**Student:** 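Have a look at this one before I ask anything.
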Amino acid sequence: MLRKFFSRKLAVIALALFLGLIGGVNSASAHAPRYVFYFIGDGMGAAQRQAAEYYLRAETGVKDIKLRMNQFPVAGINTTYSADSLVTDSAAAGTALAAGYKTNNGIIAQLPDGTNVKSLVEAAEEKGMGTGLVTTTRITHATPAVFASHNSNRDAENEIALDYLDSGVDFFAGGGYRHFVPQNWDGGKSKRKDDLNIAEKFKGQGYHIFLTEKDTQKFRNYKPSGQEKVFAAFTYSHLPYELDRENDHTPSLAELTAKGIEVLEKYKEGFFLMVEGGRIDHACHAHDPAGSIHDTLAFDKALDEAYSFYQKYPDETLIVVVADHETGGFGLGFGDNYFLKMDQLFKAKVTTADVLNEGVGKYDKDRKKFFDFIATNLGLDNLSLDEKIKIEQAMDLIDGSQKDAIATYAGYDPAAITVTHIMSERANMFWTTYAHSGTTVPLSAIGVGAEALGGFKDNTEVARTLFSILEFKPTEVAFTHPTSLPKVINY
Ligand SMILES: [Zn+2]
């Protein structure tokens with residue numbers, strides 16, 4: 001009996017030791033995901049997600065269809081305030097999401113005192129993983145910048161471009177070549193004040209370069225054969241809004257993401273890929289509901305690419321979807337019956353944010369031309385008397401160059417804003433600010449370690465949780481995080 005007990009006990013111990021050994025050998029790979037996607041919707045609050053989903057339902061007629069991001073099993077809510085304001089900007093919120101530290105608005109991956117803080121991308125580089133930054137904005141814009149540069153000023157994009165050279169990031173794709181080509185560049189305009197050809201320096205480091213719209217097809221045809229590096233900037237400034245994008249000119253966010261995956265999956269130590277839907281924010285600053293919806297849907301299509309990859313490697317992949325802040329104070333469901341009416345938005349063939357504010361649809365004192373343009377391109381061929389009067393009043397302001405009155409439109413074209421407000425009103429949508437708002441934003445996640453990201457968290461906790469899941473070492477500096485709102489509001 002005793003002998004039998006011992007032999008059974010020994011067998012159990014031996015098995016436990018064996019399993020322990022396997023567990024020990026594999027502990028890093030068993031816990032830390034090999035492939036990580038960090039999707040950041042700039043300005044993508046709860047209302048932006050909801051508007052896009054309802055639009056998709058109305059468009060497809062499928063009543064219960066959901067955005068990909070709304071199908072993930074883990075959900076969270078995140079506070080976004082910065083170290084110096086309830087309303088953050090993308091630099092401070094990005095620093096929090098990338099490095100786990102609060103900082104002041106305008107600062108890129110530094111504390112307010114100038115100390116650099118390590119980003120998740122930099123930590124991934126330390127571990128030898130492949131890394132990528134993909135965006136629809138200029139690649140030097142605040143959200144990508146916080147992952148691969150450090151600067152006290154988000155507007156120092158020429159310096160940020162220079163930082164990228166030493167970042168080790170393996171895949172860059174977005175817009176804004178203007179900071180990577182020398183002044184007097186013969187390929188077009190530049191914003192640089194020096195003769196540095198940063199794109200050429202990337203080439204010298206072995207990167208495959210795709211510059212200007214002309215390289216779109218070349219980019220689409222490109223196939224990496226081993227651990228290769230890519231630098232792609234297709235436009236002078238931001239990539240176009242999805243609604244204005246011409247397929248033969250520039251790739252979609254989904255295409256950039258798919259190519260990023262194709263390149264980075266060749267990296268033996270896994271990868272960390274940040275994908276930003278950067279212009280949801282811009283559309284919402286300009287109160288353009290159709291612009292916001294189409295860019296959110298394009299972001300969700302990019303997420304589909306990551307999700308397909310996840311389906312191939314579910315035990316090794318983590319996908320996280322966050323937002324840096326909400327923009328526009330976007331409200332849904334106004335008017336008589338509180339429902340959204342998407343019909344008017346279906347008729348939008350162009351953005352008001354870009355095309356009406358500064359593109360071919362801009363009011364140039366030819367009233368008939370403007371009314372014809374919005375009839376053809378926005379479906380506004382049946383203006384009520386009240387709507388027409390509002391647009392004409394905005395035209396009067398522009399014709400009279402009444403600067404003070406125009407300033408109330410936050411620098412936007414009064415006629416464009418009046419038209420976009422008519423579009424919004426017809427859809428029962430409303431805007432409360434031309435800036436960002438201080439509301440919380442949703443998070444979604446799926447894959448290895450995702451559960452830890454759920455719940456109500458501050459944006460710094462999201463990054464810190466990711467550092468922990470990925471077994472990365474974050475920056476350890478003494479810095480007191482504001483644990484509550486930095487400025488108490490007088491009630
Ligand atoms: Zn913004």
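Note that the structure is a prediction, hence the values are computed from the model and not measured. First listed ligand is number 1; within each ligand, the first listed atom is number 1. Note: hydrogens, waters and symmetry copies are ignored here, and every other heavy atom, side chains too, is used.
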**Student:** Looking at the Zn ion (ligand 1), is there an N, O or S atom belonging to H282 that lies under 2.8 Å away from it?
**Tutor:**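 Short answer: no, not a single N, O or S atom is under the cut-off.
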**Student:** Which N/O/S atom belongs to H436 and is the closest one to the Zn ion (ligand 1)?
**Tutor:**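 Among the N, O or S atoms of H436, the one closest to the Zn ion (ligand 1) is NE2.
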**Student:** Check whether any N, O or S atom of D281 sits under 2.8 Å from the Zn ion (ligand 1).
**Tutor:** yes
**Student:** So, do F430 and H421 have ring centers that fall under 6.0 Å from each other?
**Tutor:**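 Judged by ring-centre distance (under 6.0 Å), F430 and H421 do not meet the cut-off.
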**Student:** Do the charged groups of D343 and R426 touch, with an N to O distance under 4.0 Å?
**Tutor:** no
**Student:** Check whether T140 reaches the backbone of E157 with its side chain - one donor and one acceptor, N or O, closer than 3.5 Å.
**Tutor:** no
**Student:** Looking at R68 and D300, is there a salt bridge between them, counting it only when a charged N and a carboxylate O are closer than 4.0 Å?
**Tutor:** no
**Student:** For N/O/S atoms only: which one belongs to H285 and is nearest the Zn ion (ligand 1)?
**Tutor:** NE2
